[in-house]
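See structure below.
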Amino acid sequence: MSKYHFNDIEAKWQKHWAEKGTFHASNNSDLPKYYVLDMFPYPSGAGLHVGHPLGYIASDVYSRYKRHKGFNVLHPQGYDSFGLPAEQYAIQTGQHPAQTTQVNIEGGVDNQGNRIAGYRNQLDKIGFSFDWSREVRTSNPEYYKWTQWIFTELFNAWYNFDTDTSEKIETLITLFSSEGNTKVNAACDEGMETFTANDWIGFSSEKQQEILLGYRLTYLAETEVNWCPELGTVLANDEIVNGVSERGGYAVIRKKMKQWSMRISAFAERLLQDLDTVDWSESIKETQRNWIGKSVGATVEFQVKDHDAKIPVFTTRPDTIFGVSFMTLAPEHELVAKLTTAAQKEAVESYVHATAKRSERERMADVKTISGVFTGAFAEHPFTKEPIQIWIGDYVLAGYGTGAVMAVPCGDQRDYDFAKHFGLPIPNVFEGVDISEEAFTDKENTVIANSDFLNGLKYKKAVKLAIYELEKIGAGEGKTNYRLRDAVFSRQRYWGEPFPVYYKNGMPQMIDVAHLPLELPKIEKYLPTETGEPPLGRADVWAWDTEKCSVVSNELVDGKTVFSLELNTMPGWAGSSWYFFRYMEKEHRSEVFASKEAMDYWQNVDLYIGGSEHGTGHLLYSRFWVKFLYDLQHVPVKEPFQKMINQGMILGESAFVYRVEGQNKFVSKGKKDGYTIQPIHADVSMVNTSNELDVEAFKNWRVEFKDAEFVTEEDGTFKVSREVEKMSKSKYNVVNPDDICDQYGADTLRMYEMFLGPLEQAKPWNTAGISGVHSFLKKMWRLFHGGPDDTFFVSDDAATKDNLKTLHKTIKKVEEDIENFSFNTSVSTFMIAVNELTSQKCNSREILESLVVLISPYAPHIAEELWSLLGHEQSISAVAFPKFEAKHLVESSKEYPISFNGKMRFKLELSLDMTKEEIEAAVMAHEKTIQQLDGRTPKKVIVVPGKIINIVG
RNA sequence: GCUGAAGUGGUGGAAUUGGUAGACACGUUGGACUUAAAAUCCAAUGUCCAUUAGGACGUACGGGUUCAAGUCCCGUCUUCAGUACCA
């Protein structure tokens with residue numbers, strides 16, 4: 001073989017790696033461990049486009065590099081295989097989602113006759129060093145058994161704020177029976193009643209269960225949820241974008257439903273603090289901080305006049321307490337109905353009704369409009385005892401803080417606007433500040449005035465004293481508030497994990513791990529039932545027999561030993577919140593979710609690569625579960641992902657043809673002037689690298705284009721215009737990696753994706769540019785094929801000085817680049833190395849062997865092939881990375897740039913042994929210097945040995 | 001509005017600590033080889049002026065620090081991403 005037959009080479013080595021299990025990681029190795037993880041994909045029927053593998057290629061380069069560096073590398077892959085598309089496909093076609101999912105992963109033909117390549121086949125073509133023996137699919141019962149188990153563990157736990165850990169529910173029960181709940185500092189539902197030990201012992205079992213539910217880390221509660229009627233399910237906050245569903249863009253309304261929730265809010269402070277312990281980008285940490293939304297301030301209680309009620313509010317500005325001139329409640333606030341006077345009743349009710357009717361989106365759309373109604377009631381200022389009007393207004397959100405605010409118009413712009421609009425007083429509590437135009441919100445320059453004991457104090461001191469005084473009179477206390485809400489965990493869907501829950505007398509009961517997994521039942525249709533129950537409501541065999549410990553027919557439900565099972569399923573993020581532990585275990589997967597030995601060895605993910613779009617969902621939920629599992633000593637780590645890199649999106653270059661408005665006529669890009677045109681997408685596969693459209697193919701693309709007229713350029717070609725957009729099927733700009741592999745090879749694809757630009761940056765894909773990388777690989781191949789008739793040839797002669805210099809500068813640069821995830825620049829470095837070695841006519845074994853190892857993380861197939869041609873029998877994958885030796889880069893002279901006033905004018909080769917004075921003398925004596933100076937005497941000469949010479953004057 | 005990131009040739013991008021701006025590629029132009037094509041190779045390619053020698057300008061814009069600024073400082077603009085009546 002003398003030509004570079006990449007297709008043969010790549011198929012050969014991919015087969016070899018699979019057969020030999022080359023990349024299977026060992027769970028007991030003396031080598032240091034390194035765990036590299038990709039965010040696992042949802043296997044959609046559309047298959048991979050060239051944007052998807054970018055992160056996988058980067059992580060694969062790093063994994064292979066780490067193996068060369070002597071690490072035992074775990075680099076697994078799997079599928080986040082529960083999800084909406086498979087279910088919607090099931091609704092349309094009746095095909096079971098499990099079947100669709102399998103075809104999408106393994107390839108085949110779906111029941112609509114579409115040929116599906118299959119994720120696994122597509123991934124295999126790219127030559128990843130994944131350890132497939134540890135594959136995970138979240139929809140496999142063997143896997144979701146443990147997702148269900150974690151759910152039951154959360155159910156059987158509570159959060160103790162005194163020790164700041166999750167504890168077993170038994171410890172809480174013990175506390176309740178010995179001292180009631182008055183001293184317990186736990187995360188619990190709002191408005192939890194207080195009781196003594198005697199009360200507790202006297203409660204019925206149902207009552208006790210109900211109370212415990214208010215403390216459990218996953219709990220059932222009537223909550224106001226984001227209901228999406230089109231999708232027929234509730235959505236979590238992070239599944240809603242701009243007030244509509246992230247998937248499909250459907251309207252979302254507020255609705256009260258009984259739902260499972262996760263008490264993630266208990267972990268808010270730890271989720272925030274531990275961000276400092278991980279090596280993530282500042283922007284993604286910031287996204288998480290915003291989402292957690294910590295704010296420090298105080299709660300203040302306002303006594304309502306003539307009522308036995310207090311209204312608690314949260315404020316970050318207790319220092320402005322004397323600036324309160326009214327209060328505003330959210331229209332949904334529970335006290336509204338009670339407080340409203342008869343005179344205001346009608347106005348208040350119509351306002352409440354009107355806001356309830358508006359969707360989230362409408363409410364967001366006009367934040368500018370100020371609206372509100374006076375309730376007629378008054379509260380009392382805690383210090384001055386002055387009466388304060390109580391209003392309602394939709395600028396106050398029911399879901400944040402206490403759903404009520406103390407309005408300080410002089411210090412808050414929204415309160416200010418509200419006061420101006422309704423003619424309410426605006427007292428000024430700031431010294432020397434003009435508030436006739438707008439509120440004064442700056443904290444730094446605050447000096448408090450007109451505020452009794454706070455007068456003359458600056459912000460920080462005033463806050464402290466205000467809280468102290470509030471606590472003294474029992475009207476408030478210091479308090480930290482978080483924006484992070486508990487996460488709704490129920491979905492009214494079929495294709496998700498069933499809850500391991502049955503109901504006895506209306507109270508939820510967990511199924512013991514010994515009887516898990518609780519597998520999804522078979523149903524005929526994947527739609528909600530006619531009575532509005534979730535799809536599982538259609539199952540006939542969906543009841544739990546507590547004696548047989550198995551699922552039985554619904555007909556057997558008797559309320560004594562056989563009970564109804566939960567009809568909701570878990571959300572998409574359940575399975576992805578712990579999958580990184582599952583990969584660690586390969587031996588006893590049905591017995592444990594991951595063994596202690598495996599977890600002690602692998603610890604956490606050293607490098608996690610994936611998109612930044614999971615900043616608030618997946619990354620927050622998995623951190624929460626890991627902290628919980630850590631508290632119960634199920635896992636040895638507090639954080640799942642030590643270092644994270646977020647790869648940028650690869651964008652597509654869409655092709656547009658211009659259609660003349662109202663006619664079946666298209667004009668080429670250069671001819672469009674004078675026409676009223678409308679751009680439409682053409683499939684990029686019909687356009688060549690010079691932007692010429694294959695007109696015949698275009699005519700055949702759509703029936704309506706068959707007889708279209710085409711106005712071409714002078715040379716007869718028809719040109720499209722290009723625009724960079726997100727890669728998507730609907731924009732006809734998708735490039736399939738399979739095609740690139742067939743045409744140029746996986747090694748070319750891998751190197752080109754790395755060469756495109758910095759990993760974390762968004763960048764457009766341009767197939768035309770791939771030829772540069774491809775010719776580079778061919779050129780490298782030729783370096784090893786300098787024998788007669790281009791046969792393989794390397795010599796055992798000693799390497800020249802130049803050869804060694806090229807090699808070692810390459811080792812140094814490539815090593816630094818990989819460590820810094822600067823993969824694009826190392827591809828350039830390889831090109832420079834091969835260009836140099838080619839012109840040096842290098843065929844030295846010593847040099848070429850090292851070169852092959854250097855490049856093998858990037859282009860593993862060609863590296864394996866050349867390695868075996870060099871006479872090695874073992875795979876190159878574990879060969880030691882070449883060692884950099886600085887001695888080969890030592891220079892005796894330097895070509896100095898000579899600048900005049902900072903501008904480089906000429907270069908001069910000088911010995912590096914020379915002193916500053918000698919250099920200066922040599923430069924000043926040079927004829928070009930004399931010519932440049934033109935008789936002037938320089939004011940100053942800067943000599944930086946080894947760097948530069950600058951002559952000033 | 002707030003937060004974060006970024007603005008460099010026709011294009012993707014490089015310049016890791018202030019020290020030769022535009023590495024490495026794509027594209028374009030010209031040439032070699034070939035009956036031809038493909039493949040390969042060679043040369044040119046920031047803009048402007050100049051026949052050459054050479055010169056002026058040049059890293060979003062305006063200032064500043066420095067012998068020297070894409071890089072540091074101040075101000076402005078633009079783009080992208082996240083988030084938003086958060087009290």
Side-chain angles (χ1 to χ4, degrees), chain A residues 3 241-242 281-291 293-295 297 313-317 320 328 330 363-364 366-370 393-397 399-408 411-415 417-418 481-483 612-613 615-616 646 648-649 653 689-691 722 724 752 755-758 760-773 775-776 778-779 782 813 816-817 819-820 822 824-832 835 838 895-907 938-944 946-953:
Chain A
K3 233 187 120 198
V241 177
N242 296 325
S281 74
E282 203 41 49
S283 72
I284 204 117
K285 284 189 186 184
E286 203 55 31
T287 305
Q288 293 226 335
R289 287 189 195 111
N290 288 340
W291 196 259
K294 180 179 183 175
S295 46
V313 301
F314 175 74
T315 177
T316 54
R317 297 296 303 271
T320 62
T328 315
R363 212 157 144 173
M364 282 168 73
D366 67 1
V367 295
K368 294 267 152 14
T369 319
I370 295 162
D394 70 357
Y395 81 94
V396 179
L397 305 174
Y400 183 76
T402 62
V405 299
M406 56 175 227
V408 183
D412 182 285
Q413 194 57 44
R414 290 154 307 167
D415 295 344
D417 295 340
F418 196 86
N481 206 43
Y482 299 91
R483 197 186 83 114
S612 55
E613 68 274 16
T616 49
N646 305 110
M649 205 188 305
E653 282 203 309
T689 54
S690 312
N691 295 331
R722 294 276 195 167
V724 172
Y752 186 54
F755 185 61
L756 277 177
E760 303 193 58
Q761 196 175 297
K763 55 232 164 227
W765 175 269
N766 173 13
T767 303
I770 207 167
S771 64
V773 170
S775 352
F776 154 74
K778 286 196 276 191
K779 194 166 178 179
R782 282 202 302 277
K813 177 85 171 117
E816 284 169 1
D817 284 347
E819 301 279 1
N820 293 319
S822 175
N824 54 328
T825 50
S826 44
V827 176
S828 304
T829 307
F830 288 127
M831 290 173 169
I832 294 168
N835 287 344
T838 301
E895 193 177 33
Y896 279 97
I898 315 294
S899 320
F900 291 79
N901 298 317
K903 280 186 185 129
M904 204 278 290
R905 283 292 125 108
F906 67 94
K907 291 176 191 168
K939 287 198 198 99
K940 210 172 180 183
V941 179
I942 311 283
V943 177
V944 186
K947 285 255 163 147
I948 201 168
I949 290 132
N950 191 18
I951 298 163
V952 187

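- Pair check for B:rA32 finds B:rU40; Watson-Crick or G-U wobble, both atom distances under 3.5 Å.
- Comparing B:rA68 with B:rU3, their P atoms sit 35 Å apart, to the nearest whole Å.
- Looking at heavy-atom distances under 4.0 Å, A:Glu282 makes no contact with the nucleic acid at all.
- Across all strands shown, B:rU76 forms a Watson-Crick or G-U wobble pair, both distances under 3.5 Å, with B:rA60.
- Side-chain N/O atoms of A:Arg722 include none lying less than 4.0 angstrom from OP1 or OP2 on B:rG27.
- You'll find the side chain of A:Val313 stays beyond 4.5 Å of the side chain of A:Val405, heavy atoms only.
- With sequence neighbours excluded, the residues satisfying side chain to side chain donor-acceptor pair (under 3.5 Å) with A:Ser826 are A:Tyr858.
- Ring orientation note: the planes of A:Phe906 and A:Phe900 are tilted relative to one another, at an angle of 30° to 60°.
- For A:Arg483, there are no salt bridge (Lys or Arg N to Asp or Glu O under 4.0 Å) partners two or more places apart in sequence or in a different chain.
- Considering only residues two or more places apart in sequence or on other chains, A:Lys779 meets the side chain to side chain donor-acceptor pair (under 3.5 Å) condition with A:Asn835.
- Nucleotide B:rA53 has no partner under the Watson-Crick or G-U criteria, as no pair reaches both atom distances under 3.5 Å.
- Under the Watson-Crick or G-U wobble criterion, with both distances below 3.5 Å, B:rG27 is paired with B:rU45.
- Relative ring orientation between A:Tyr395 and A:Phe418 is described as tilted, the plane-to-plane angle lying within the 30° to 60° band.
- In this structure, B:rG82 forms a base pair with B:rC2, meeting either the Watson-Crick or the G-U wobble geometry with both donor-acceptor distances under 3.5 Å.
- Pair assignment for B:rU16: none, as no Watson-Crick or G-U wobble contacts are both less than 3.5 Å.
- Across all strands shown, B:rG70 forms no Watson-Crick or G-U wobble pair with both distances under 3.5 Å.
- In terms of the ring-ring contact (aromatic ring centres under 6.0 Å, His included) criterion, A:Phe755 has no residue partners (sequence neighbours excluded).
- In this structure, A:Asn766 has no side chain to side chain donor-acceptor pair (under 3.5 Å) partners at least two apart in sequence or on a different chain.
- Minimum atom distance to the side chain of A:Arg905 is reached by B:rA56, of the listed B:rG27, B:rA56, B:rC86.
- Protein atom CE of A:Met649 is 8 Å distant from nucleotide atom P of B:rA81, rounded to whole Å.
- Partners of A:Tyr896 under the ring-ring contact (aromatic ring centres under 6.0 Å, His included) rule, at least two apart in sequence or in another chain, do not exist in this structure.
- Here A:Gln761 pairs with nothing under the side chain to side chain donor-acceptor pair (under 3.5 Å) rule; sequence neighbours left out.
- Remark: the separation of the C1' atoms in B:rU8 and B:rU47 is 14 Å, to the nearest Å.
- Rounded to a whole Å, the CD atom of A:Glu613 is 19 Å from the P atom of B:rA5.
- Nucleotide B:rG9 is matched to nothing when pairs are restricted to Watson-Crick or G-U wobble geometry with both distances under 3.5 angstrom.
- For A:Arg483 and B:rA87, the shortest distance from a side-chain N or O to OP1 or OP2 is not below 4.0 Å.
- At the heavy-atom level, A:Thr328 lies nowhere under 4.0 Å from the strands shown.
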Indicate for each nucleotide in nucleotides 8-24 of chain B, in 5' to 3' sequence, whether protein heavy atoms under 4.0 Å reach the base (B), only the sugar-phosphate (S), or nothing (-). ----BSS-B--BB--BB
Every protein N/O lying under 3.5 Å from an N/O of nucleotides 39-42 of chain B:
residue, atom, partner, partner atom, Å
B:rA39, O3', A:Lys778, NZ, 3.3
B:rU40, OP1, A:Lys778, NZ, 3.2
B:rU40, O3', A:Arg782, NH2, 3.4
B:rC41, OP1, A:Arg782, NH2, 3.1

